[in-house]
Structures are given as structure tokens and as C-alpha cells.
> 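Here's a structure for you.
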Amino acid sequence: MTRATRRTPKIENILPLTPLQEGLLFHAAYDDAGSALYNVQVALDLEGPLDIPVLRRSVEAVVRRHPTLRASFRRRAAGDTVQVIQSEVATPWQEHDLTTVPDGELATEVESITRRIRAGQFDLAAAPLVRFALIRRRADRFRLVLTNHHIVLDGWSTSLLLSELFIVYGAGGDASVLPPAVSPQAFFAWRGEQDAPAARQAWRAALDGLAEAPRVAPYADSHKATATEQIVLTVPENLTAAVGERARRLGLTLNTVVQGTWGLLLSRLTGADDVVFGTTVSGRAPELPDVEAVVGMLVNTVPVRVRTDRAETLAGLYTRLQEEQFELVAHHHLGLTEIQSLTAIDGELFDTLVVFENYPVDRAVDTVGGVRVTGTEAHNTVHYPLSLLAHPGDRLVLHLGYRPDILTDTAARRIGDRVLRLLRLFADAATDTRLDSVDLLGDDERRLLAEWNDTARPVPRRSVAELFAAQATATPGHIAVRYGGLTTTYRELDDRANRLASDLTGRGIGPEDIVALAMPRSTEMIVSLLAVLKAGAAYLPIDPAYPRERIEFMLTDARPALLITTSDTAERLGTRTGTAHLLVDGPRATEGIPR
């Protein structure tokens, strides 16, 4: 009698983490709510005679091929975290049969199941961090759903994985039709050989002089795990073509156009002429053999700095940006945490992200074994308050992601409108268009501004002093000032101001003179202000709480003919500018220069 033995998976390899994996691990630990924010999902709608057992074998074969798909993340006794690659894993697989669901309810049920699958959490310490599900809609219509934690797959790898899956499916589930899988080991070895000091120097120079990091949501918790909403902006085919043609004439990549557009938009949103946002770079160095075939998380997030000068042209901005970014390509391997440590910025460098995805999933697969891909749906969120994912094609598709706890749908849509407006301007405008002539307001916003600013009213040609005197005559008994439990009527206020104005004119104060007022908020302050105006002079308000040095500078710079103040305030001012003083809080105003 033979006793069955259970095979225990072995540890095949231990790999380090990439900088972005370290960041995702941090955010996962920070997310004490246990959300599925970093779950990435791709759904393929299939039509045809699908062989489900063969598809499942193909899924298992492809997962078995790639070490990253058999990885879990463990903290070692030394305190660091590593990827533990197991020799075998059981690939999670679900099947849902909706063939009996009525047509009118089918789409809703399919979407509901897709969302539930995406919402399922992953335990980063338990491999695999990828799962598959097949939803059968009708006899020959299906939805294949791939869900993974972002820490194991980047977009490029997802495209590779799906392409391999359908090749293996076409071979009846036999993965031997594929060339040997490329191990990520060489990638990590390459990273370890890079010149870190040179990279640090390059990033230090690129970010030199950056005094602050303007943010679209400066008070938001950027680490909070909040599901983002998305607005899909599909750029018309003719505009996409026009943008591409303009870019070619200027020698620009479409990625540069997207980055320059976002940088200019951030400048207008924040009011800063020096802005930073994050971008995702492939991390696949062209000098590394077969790196394009590696399945894993190789991408990195790095900052993009955009400095705008309103006298510069659009062409000049975009061209300069591309040159600056090209100089940093060789240093994209440096982690964001280390890059940030090279600056004097306290906190994160940016709170928006731009991703240019040049590996659309719908190009990875088409038709195999009589089964046709009729549609794709991708879901990928980030923790940033605002993000832009660009998908090139005959029509440029932009996914504008936003956190609803920070931005309203209306505000996000206005931002999306501005992105499209800038793309039209880039495509249509002459290359010498200056930035100071770039207008991002829509017609509705311009009409609103015109209505808000339509405040023109007929104004009598009389001075403030004359208008106040007229009011005192019209309503002499009405209360003009309340202070400290006491009230002063218009007649009383006018009489006191007239007496002080007479005193001022007797001292030679009149038109073209400046009188400084340094006193706390009080009735005397209002009396003194009116008296100066009645005398025909201008007043210079000085807050007694200012530092003495600042008050002395103001008096020296403005050279007022007189300083009106109170006894207590004069003692605290202690100025030595030689300005004559008039104290207004005694029974009789006295003049003097403090010692």
C-alpha cells in the first residue's frame, strides 16, 4: 500500500525589492483599513468556442513560468523585506455561470462580479498575488478577469502575460511553445551595478533651487487609502493626429507633450512658476539583454520639474522640458525616497502623477483558436489626489483620476477641460505663442467672470470726508461706532474728527502730507483716520504689534509729517526716527518726541 505524500513548495529564490515595490509596501502597511486600493484589474471580453479546461491549464502554465507571479513579501530578521519566490503555487481560479440571467440584468451582474473580485484583498505574505476568474455570460460569450496586487506586475508585464496566455491557449495549454522565461535576476544585478553617486548628483542638479513643492491639495493626507474616481477623456481622432503632427515637427515625443501640458496646467492651478509632478518610467534599461521580456514590477516613479516663464513660447517650454528629461534617463533607477532626500523640501515632492502607457492591453491579444477579444476594461488607481493616465492610439485616451474626498466631480471635469484646451492650443497655435497669452478659461467661465465683475455703479464726485459729513448731517443721532461697551453717534464722531482736523491743519498738515496712525483698534483710531482725511492728507496705518525694527523702517521710508498715537502705544514703540508725535488719548493732545 503506497502512502500518498504531499509536496511542500520550496523556496526557489530570494530577490530584493525595487524602489516602487518598497513604496507600495509602505502604503499597504499605512492602509490600516485593509482596502484593495492597489489591486489592478484587466477584464477581457471574449466571444467564441472557448475551451475552459485548456484556458485554465494555460493560466497555470503561465503563472508557473514567471518567478514574480510566485512571489510573496516577507520581512527578515535584519529588518529588510524581500521577495520570496516559491517553486510552486496554486493559482486562484473562479468560474461564474450567468447563462440564466435575463438579458436586461446581465451587464449589471457582470460588472458587480467584476467589482467584487477586484475588492478582494491580497495578503502580501502569501503567494500568489494574482488571481483569475472566468464569467460565462452566454454559451459563447465570456469575460476573463485578471486581478493582481500592483506590487508584482507593471503595465508592460500585464501585456506580456496576456499575450503569452493566449499563445499557450492556442497550443492547447502547452507552455513549451514559448521561449524560456527571462528571470528578473539580471535586472536586480544590473540595478546594483549602477553609478549611484552619479545619479544622485544628476538629480541634485535637476532639482537645485526648488524652494517649495506646490501642491493641488496642500492639506490632504496623501497616504490615505481612498478609492479614486475616473473621468475618461477621449481626444478626437483629428485632434490626436494634429497633436502628433505638431510634435513631430518640433521633434517632440507625445509623452513630452502630455508632460508639458500637465506641467503648464499645474502652474496655472497652483499659481507657481516652478512645479513638480511624478511620472512612471519603465525601468527597463535598453542595454540589459531581453529586459523587455521580464514579467514583474520594474517601473519606477520619479519627479518631473517644469519651470514656466511667461515670456517663453510653448515650443520653447516643451523642447526644453524634453531636453531636461533626456539628461535624466540614465538615472531613472534611483528611488524616489532617495531623490527626495537630495532636496530641501519638507514632505513629499508632488501630489499628482502622470503615466504614459505605450503598451495598450488591447494590442496584446486579438484572436486565437476561434475565440475573439471583443473588448477590454482596465482598472488601476493611485493614492494621489490627482493623476493622468495617457493611452496613445488613433485616439489619445486620457484617464483623469481624482480623489472624491478632495476634489468634486465638477472641479475634476473642469481640470479635464483645461487639459483638452491645452492640447488644442498646442496643435493649433503658432510655435512662437508665448505662455502669457495662454488662456485656459472656457466660455462659461469667462461669462461668469464678466457677470461677477460687473460691479460698475455711479459714484458721486465727493471725497470720503465729504461723504461722511453728509451722512452725519442726514443721520446725526444714529450710532456710527460701537467699542468697549460705548457708542458714538455720527454727530459726535464728526465733531471729534473736525476738532482734530483743525488741530492738524494748525500744525501745517494738508494735501501731499502723510500722517502715520499707530494705535490699537478703538474709537480714537476712527476719529484720527477721519481727521487726517478732513485735513486733506493721506494716512499710513501702522500696527503697534509690529516689531520695533519694522515700525522704524516704515517711518524712515515713508517720512510722515506726524505720527498720531496713544500714550501706552508711544511708550512701547520706542522709535528713534525723529517723527513728531501727537497723543490723542489725553484731555489735551500733547506733542513730543520719545527719548
> Between T261 and Y318, do the side chains contain an N or O donor and an N or O acceptor separated by less than 3.5 Å?
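Yes, side-chain donor-acceptor contact under 3.5 Å.
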> Using a strict threshold of under 4.0 Å (side-chain N to carboxylate O), is an ion pair present between R305 and D274?
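The answer is yes: the pair qualifies as a salt bridge.
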> Give the minimum heavy-atom separation between I514 and A558, together with the two atoms involved.
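Of all heavy-atom pairs spanning I514 and A558, the closest is CD1-O, 4.0 Å.
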> For the residue pair M519 and V584, establish whether any side-chain heavy-atom pair is separated by less than 4.5 Å.
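Yes, side chains in contact.
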> Report the residue from P303, S341, P19 that forms a side-chain contact (heavy atoms from CB on, under 4.5 Å) with L336.
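Exactly one candidate clears the test, P303.
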> Is any side-chain heavy atom of P404 closer than 4.5 Å to a side-chain heavy atom of I406?
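P404 vs I406: side chains apart.
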> Quiz question: by atom type and distance under 3.5 Å, do the side chains of T313 and T433 form a donor-acceptor pair?
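No donor-acceptor contact under 3.5 Å links the two side chains.
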> If only atom types and distance count, is the side chain of E324 paired as donor or acceptor with the main-chain N or O of L321 below 3.5 Å?
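Not a single qualifying donor-acceptor pair exists.
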> Do R310 and R434 have side chains that approach each other closer than 4.5 Å (heavy atoms only, starting at C-beta)?
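No, their side chains stay 4.5 Å or more apart.
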> Would you name the heavy atoms of R462 and A470 that are closest together and state the gap between them?
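Heavy atoms only, the tightest pair is NH1-CB, 3.8 Å.
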> Mind checking whether L400 and L386 have side chains closer than 4.5 Å, heavy atoms only?
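They are in side-chain contact.
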> Hey, does V257 have a side-chain heavy atom less than 4.5 Å from the side chain of V243?
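With C-beta onward as the side chain, the pair touches.
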> Any side-chain to backbone donor/acceptor pair from N498 onto D494? Under 3.5 Å, distance only.
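Between the backbone of D494 and the side chain of N498 there is a qualifying donor-acceptor contact (under 3.5 Å).
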> Return yes if some donor-acceptor pair links the side-chain N/O of S267 with the main-chain N/O of G263 below 3.5 Å, else return no.
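No; judged by distance alone, with no hydrogens or angles, the pair does not exist.
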> Would you find a donor on one side and an acceptor on the other, under 3.5 Å apart, between the side chain of T279 and the backbone of V354?
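Side chain of T279 to backbone of V354: a pair is present.
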> Any donor and acceptor pair, going by atom type alone, linking the side chain of N300 with main-chain N or O of H332 inside 3.5 Å?
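Between the backbone of H332 and the side chain of N300 there is a qualifying donor-acceptor contact (under 3.5 Å).
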> Please check if any side-chain donor atom of T475 sits under 3.5 Å from a side-chain acceptor atom of Q471, or the reverse.
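There is such a pair (donor and acceptor under 3.5 Å, judged by atom type) between the side chains of T475 and Q471.
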> Quick check: are there more than 12 heavy atoms from other residues, nucleotides or ligands sitting under 6.0 Å from CZ of R559?
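For R559, atom CZ is not crowded (no more than 12 foreign heavy atoms under 6.0 Å).
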> I'd like to know if the side chain of T240 and the backbone of P236 have a donor-acceptor N/O pair within less than 3.5 Å.
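The answer is yes, because a donor-acceptor pair under 3.5 Å joins these two groups.
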> Closer than 4.0 angstrom, basic N to acidic O: yes or no for E312 and R320?
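Yes, E312 and R320 are salt-bridged.
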> Under the side chain to side chain contact (heavy atoms under 4.5 Å, CB included) criterion, do I542 and L517 qualify, and how do the steps go?
CA-CA 6 Å; I542 296 177; L517 303 179; over 6 Å; no
> Is the closest side-chain heavy-atom distance between L207 and L349 below 4.5 Å?
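L207 reaches L349 side chain to side chain.
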> Heavy-atom count around D557 CG within 6.0 Å, excluding the residue itself: above 12?
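Yes, because the 6.0 Å sphere around CG of D557 holds more than 12 heavy atoms from other groups.
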> Within a strict 4.5 Å, meaning less than it, do heavy atoms of the R395 and V235 side chains meet?
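Answer no - side chains too far apart.
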> If you compare all heavy atoms of I564 against all heavy atoms of V532, which two are closest, and at what distance to 0.1 Å?
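Heavy-atom minimum between the residues: CD1-CG2, 4.1 Å.
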> What pair of heavy atoms forms the shortest contact from A198 to H331, and how long is it?
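Closest approach of A198 to H331, heavy atoms only: O-CE1, 4.0 Å.
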> Looking at residues at least two apart in the chain, or sitting in another chain, which of them share a ring-ring contact (aromatic ring centres under 6.0 Å, His included) with H333?
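With sequence neighbours excluded, H333 shows a ring-ring contact (aromatic ring centres under 6.0 Å, His included) to no residue whatsoever.
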> Just by distance, do the side chain of E466 and the backbone of S463 share a donor-acceptor pair under 3.5 Å?
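It does hold such a pair.
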> Which atom pair, heavy atoms only, marks the closest approach of R200 to L342?
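It is O-CD1, 3.3 Å.
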> Taking all heavy atoms of V232 and all of V397, pick out the closest pair and write down the distance.
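It is CG1-CG1, 3.8 Å.
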> Atom CG in N39, atom CD1 in I151: separation rounded to 0.5 Å?
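Spacing of CG (N39) from CD1 (I151) equals 11.5 Å.
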> Can you check whether A427's main-chain N or O pairs, donor with acceptor, with R246's side chain at less than 3.5 Å?
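Judged by distance alone, yes, a pair lies under 3.5 Å.
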> Could you check whether any side-chain heavy atom of D503 comes within less than 4.5 Å of a side-chain heavy atom of R499, counting everything from C-beta outward?
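D503 does not reach R499 side chain to side chain.
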> Using modelled atom types only, decide if a donor and an acceptor are shared between the side chain of R424 and the backbone of V419 within a distance under 3.5 Å.
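Looks like no, no N/O pair under 3.5 Å.
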> Answer yes or no: are there more than 12 heavy-atom neighbours, outside F326 itself, under 6.0 Å from its atom CZ?
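No, the 6.0 Å shell around CZ holds no more than 12 heavy atoms from other groups.
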> May I ask you to decide whether E245 forms a salt bridge with R248, counting only side-chain N to carboxylate O separations under 4.0 Å?
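Looking at R248 together with E245, the answer is yes, because their closest N to O distance falls below 4.0 Å.
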> List in chain and number order the residues that pass ring-ring contact (aromatic ring centres under 6.0 Å, His included) with Y539, two or more places apart in sequence or in another chain; answer none if no residue qualifies.
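In terms of ring-ring contact (aromatic ring centres under 6.0 Å, His included), with neighbours along the sequence ignored, Y539 is linked to no residue.
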> Examine distances only and state if a side-chain atom of H478 and a backbone atom of P476 form a donor-acceptor pair shorter than 3.5 Å.
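No; zero donor-acceptor contacts below 3.5 Å.
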> Just do the side chain to side chain donor-acceptor pair (under 3.5 Å) check on S502 and T505 with the steps written out, would you?
CA-CA 5 Å; S502 177; T505 55; 4.6 Å; no
> Going through the distances and angles, do T256 and Q325 end up as a side chain to side chain contact (heavy atoms under 4.5 Å, CB included)?
CA-CA 9 Å; T256 295; Q325 291 306 298; over 6 Å; no
> Return a table of donor-acceptor pairs under 3.5 angstrom between the side chains of residues 481-489 and protein atoms on other chains or two or more places apart.
| from | atom 1 | to | atom 2 | distance (Å) |
| --- | --- | --- | --- | --- |
| Y483 | OH | R521 | O | 3.1 |
| T489 | OG1 | E492 | N | 3.2 |
| T489 | OG1 | E492 | OE1 | 3.4 |

> Could you walk me through whether T523 and R496 pass side chain to side chain contact (heavy atoms under 4.5 Å, CB included), step by step?
CA-CA 10 Å; T523 303; R496 291 177 61 181; 3.8 Å; yes
> In terms of ring plane angle, is the pair Y384 and F350 parallel, tilted or perpendicular, where the classes change at 30° and 60°?
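Ring orientation of Y384 relative to F350: tilted.
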> Tell me, with the steps shown, if T352 and S387 meet side chain to side chain contact (heavy atoms under 4.5 Å, CB included).
CA-CA 5 Å; T352 69; S387 62; over 6 Å; no
> How far does CG of L334 sit from CD1 of I339, to the nearest 0.5 angstrom?
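Output value for this atom pair is 5.0 Å.
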> Does NZ or CZ of R550 come closer than 6.0 Å to the centre of the six-membered ring of F553, within 45° of the ring's axis?
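R550 over F553 ring: no.
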